[in-house]
Trainee: 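Please find one structure pasted underneath; my questions will follow.
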Amino acid sequence: MSDITVRYEVADGIGTITLDRPDAMNSLNTPTKEQLKAAVQLAAEDESVRCVVLTGTGRAFCVGQDLKEHIQLLAANDMDALWNTVPDHFAPIAKALAEMPKPVIAAVNGVAAGAGASLAFACDFRVLADTAGFNLAFTGIALSCDTGISWTLPRLIGQAKATELLYFPRTVPAAEALELGLATRVVPAADFADEVAALAGKLASGPTAAYGAVRLSLAYSATHTLDEALAFEGDMMRLTGDTQDHQNAVASFVAKQPPTFTGK
């Protein structure tokens, strides 16, 4: 068997990160978490990548922590390995997904449970196949939540509904996920790959610095005062105003032509 359980590929400005443990429903054992962390950080730093897609193979997007490994560590009483994985793996993966200065799509091909759902919620867009769904499974095994979901979920659907879904885990099907605001778009499974590719292509050909600045501004405003958010917006306007994309877009507007963005 191959030891590679996370694939990272770049084409046409799109960095695609694929969880590739289909027989284990893309659950996250330690090697997979280490590979995923490296892939997400690489995608964040790669200037040739203007949009990132996170997805899975098989019938699951990701069902979170590999419980077989978890049970083995419990039996061995290896508490360091059990709980250090939160600050060592889950937290930095979520932070890199949420804060990289470029758009990120969660292409949710199947069930996303536990930390798998958390990973999707850290992205800008969640495109779901109509056969997919979310399950916030943490309390079902008497654990708290991780991978940033305590921060992302209330901002997507509000405190009350977030509390309900975390207290009482159940599978939220794609259609309901769309109604709640957990999904950006739900598409027929047969059209899933084409829909994800179209959105990724649109984002990869857009004003990357502007997208990144909007991402950072939204995140910053969530934990700062209005005055602080206004000052941060000013910084981001200056940053994006110095880009070639802004200069070219203004010139295109004056010439009454559609702009072409290079991401610089």
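Counting begins at 1 with the first residue of the sequence.
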Trainee: State yes or no: do Tyr220 and Trp151 share one hydrophobic cluster built from I, L, V, M, F, W and Y residues joined by side-chain heavy-atom distances below 4.5 Å, directly or via other members?
Mentor: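 In one cluster: no.
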Trainee: If you compare all heavy atoms of Val52 against all heavy atoms of Val49, which two are closest, and at what distance to 0.1 Å?
Mentor: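 Closest heavy-atom pair between Val52 and Val49: CG2-CG1, 3.7 Å.
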Trainee: Under the salt bridge (Lys or Arg N to Asp or Glu O under 4.0 Å) rule, what do Lys161 and Glu164 come out as? Steps first, then yes or no, please.
Mentor: CA-CA 5 Å; Lys161 198 65 180 180; Glu164 177 191 334; 3.1 Å; yes
Trainee: Tell me whether Ser118 contacts the main-chain N or O of Asp146 through its side chain, where contact means a donor paired with an acceptor under 3.5 Å.
Mentor: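 Checking the backbone N and O of Asp146 against the side chain of Ser118, a donor-acceptor pair under 3.5 Å is found.
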Trainee: Check whether Arg126 reaches the backbone of Leu182 with its side chain - one donor and one acceptor, N or O, closer than 3.5 Å.
Mentor: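 Here the side-chain-to-backbone pair exists.
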Trainee: Count the heavy atoms of every other residue, nucleotide or ligand shown that sit under 6.0 Å from CG of Asp78, and state whether that count exceeds 12.
Mentor: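 Check passes, neighbour count above 12.
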Trainee: Atom CG of Leu153 and atom OG1 of Thr163: how far apart are they, to the nearest 0.5 Å?
Mentor: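 Answer for the CG-OG1 pair, Leu153 versus Thr163, is 8.5 Å.
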Trainee: Let me confirm one number: the CD-CZ distance from Gln35 to Arg21, rounded to the nearest 0.5 Å.
Mentor: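 Spacing of CD (Gln35) from CZ (Arg21) equals 10.0 Å.
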Trainee: Please check this pair: side chain of Asn84 against backbone of Asp80, looking for a donor-acceptor N/O pair closer than 3.5 Å.
Mentor: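 Checking the backbone N and O of Asp80 against the side chain of Asn84, a donor-acceptor pair under 3.5 Å is found.
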Trainee: Rounded to the nearest 0.5 Å, what's the gap from OG on Ser27 to CD on Glu69? Could you check?
Mentor: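 Result: 8.5 Å between the selected atoms.
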Trainee: So, does Asn109 use its side chain to make a donor-acceptor pair with the main chain of Gly56 at under 3.5 Å?
Mentor: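 Side chain of Asn109 to backbone of Gly56, a donor-acceptor pair under 3.5 Å: yes, one is there.
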Trainee: Given Val172, which partner from the list Asn135, Leu180, Leu178, Leu136 fulfils the side chain to side chain contact (heavy atoms under 4.5 Å, CB included) test?
Mentor: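 Looking at Asn135, Leu180, Leu178, Leu136, the match for Val172 under the side chain to side chain contact (heavy atoms under 4.5 Å, CB included) is Leu180.
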Trainee: Would you say Thr139's side chain and Leu166's backbone share a donor-acceptor pair under 3.5 angstrom?
Mentor: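 Side chain of Thr139 to backbone of Leu166: a pair is present.
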Trainee: Clusters formed by hydrophobic residues whose side-chain heavy atoms approach within less than 4.5 Å: which one holds Val196, and what are its other members?
Mentor: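 Val196 shares its hydrophobic cluster with Ile14, Val53, Ile105, Phe125, Val127, Val187, Phe192, Leu199, Leu203, Tyr211.
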Trainee: Measure the CG-CE distance between Leu67 and Met25 for me, rounded to the nearest 0.5 Å.
Mentor: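 So the gap between those two atoms works out to 11.5 Å.
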Trainee: Counting N and O atoms only, with roles assigned by atom type, does the side chain of Lys68 sit under 3.5 Å from a partner on the main chain of Asn29, one being a donor and the other an acceptor?
Mentor: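 Judged by distance alone, no pair lies under 3.5 Å.
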Trainee: Answer yes if Leu42 and Ile93 sit in the same cluster of Ile, Leu, Val, Met, Phe, Trp and Tyr residues linked by side chain heavy atoms under 4.5 Å apart, and no otherwise.
Mentor: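 Same cluster.
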Trainee: Can you name the closest pair of heavy atoms from Val6 and Ile17 and give their distance?
Mentor: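 What the structure gives for the nearest pair is CG1-CG2, 3.8 Å.
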Trainee: Within the 4.5 Å heavy-atom criterion, are Phe61 and Leu54 side-chain neighbours or not?
Mentor: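 SC-SC contact between Phe61 and Leu54 confirmed.
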Trainee: Spell out, as yes or no, whether a donor-acceptor pair under 3.5 Å connects the side chain of Gln41 to the backbone of Ala96.
Mentor: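 It does not hold such a pair.
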Trainee: Distance from Leu165 atom CG to Arg170 atom CZ, nearest 0.5 Å?
Mentor: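 It comes to 5.5 Å.
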Trainee: Please determine whether the number of non-hydrogen atoms from other residues, nucleotides or ligands lying under 6.0 Å from atom CZ of Arg59 exceeds 12.
Mentor: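 No, not enclosed.
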Trainee: Val10 versus Ser48: any side-chain heavy-atom pair under 4.5 Å?
Mentor: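 Counting from C-beta outward, Val10 and Ser48 do come under 4.5 Å.
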Trainee: If only atom types and distance count, is the side chain of Lys102 paired as donor or acceptor with the main-chain N or O of Ala43 below 3.5 Å?
Mentor: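 Between the backbone of Ala43 and the side chain of Lys102 there is a qualifying donor-acceptor contact (under 3.5 Å).
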Trainee: Can Val104 be reached from Leu218 by stepping across I, L, V, M, F, W or Y side chains whose heavy atoms are under 4.5 Å apart?
Mentor: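 Unlinked, Leu218 and Val104 end up in two clusters.
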Trainee: What I'd like to find out is whether the side chain of Phe261 reaches to under 4.5 Å of the side chain of Asn248, using heavy atoms alone.
Mentor: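 Not touching, per the 4.5 Å side-chain cut-off.
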Trainee: Run the side chain to side chain contact (heavy atoms under 4.5 Å, CB included) check on Val40 and Met100 step by step: do they pass?
Mentor: CA-CA 9 Å; Val40 172; Met100 68 173 73; 3.9 Å; yes
Trainee: Any idea which heavy atoms bring Gly206 and Arg50 closest together, and the distance?
Mentor: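 Closest heavy-atom pair between Gly206 and Arg50: O-NH2, 2.5 Å.
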Trainee: Provide the closest heavy-atom pair for Ala183 versus Leu128 in the form atom of the first, atom of the second, distance.
Mentor: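 Closest heavy-atom pair between Ala183 and Leu128: CB-CD1, 3.9 Å.
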Trainee: List the atom of Thr240, the atom of His246, and the distance in Å for their closest heavy-atom pair.
Mentor: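 Closest approach of Thr240 to His246: O-CB, 3.4 Å.
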Trainee: Quick check: closest heavy atoms across Phe138 and Ala115, and the distance to 0.1 Å?
Mentor: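 Closest heavy-atom pair between Phe138 and Ala115: CZ-N, 3.6 Å.
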Trainee: Would you call His89 and Leu36 a side-chain contact if the rule is heavy atoms closer than 4.5 Å?
Mentor: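 Sidechains of Leu36 and His89: no contact.
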Trainee: Going from CG on Leu156 to CZ on Phe121, what distance comes out if it is rounded to the nearest 0.5 angstrom?
Mentor: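 Between Leu156 CG and Phe121 CZ, I get 7.0 Å after rounding to 0.5 Å.
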Trainee: Any non-hydrogen side-chain atom of Arg215 less than 4.5 Å from a side-chain atom of Pro101?
Mentor: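 A side-chain contact is absent here, since even the closest heavy-atom pair is not under 4.5 Å.
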Trainee: Sub-3.5 Å donor-acceptor pair from the side chain of Asp66 to the main-chain atoms of Leu28, do we have one?
Mentor: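 Checked: no pair found.
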Trainee: Name all residues meeting the side chain to side chain contact (heavy atoms under 4.5 Å, CB included) criterion together with Leu74; count only those two or more places apart in sequence or in a different chain, and write none if there are none.
Mentor: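 Scan of Leu74 (side chain to side chain contact (heavy atoms under 4.5 Å, CB included), adjacent residues dropped) gives His70, Met79, Leu82.
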Trainee: Check for a donor-acceptor pair, side chain of Asp245 on one end and backbone N or O of Thr262 on the other, with a separation under 3.5 Å.
Mentor: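 Yes; at least one donor-acceptor contact below 3.5 Å.
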Trainee: Only one of Thr32, Thr57, Asn26, Thr5 clears side-chain hydrogen bond (donor to acceptor under 3.5 Å, both in side chains) with Asp20; which?
Mentor: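 Checked Thr32, Thr57, Asn26, Thr5 against Asp20; only one passes side-chain hydrogen bond (donor to acceptor under 3.5 Å, both in side chains): Thr57.
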Trainee: Is it possible for you to say whether Leu143 and Leu73 belong to one hydrophobic cluster, with membership spreading through side-chain heavy-atom contacts below 4.5 Å?
Mentor: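 Yes; tracing contacts between hydrophobic side chains, which count when under 4.5 Å, links both residues.
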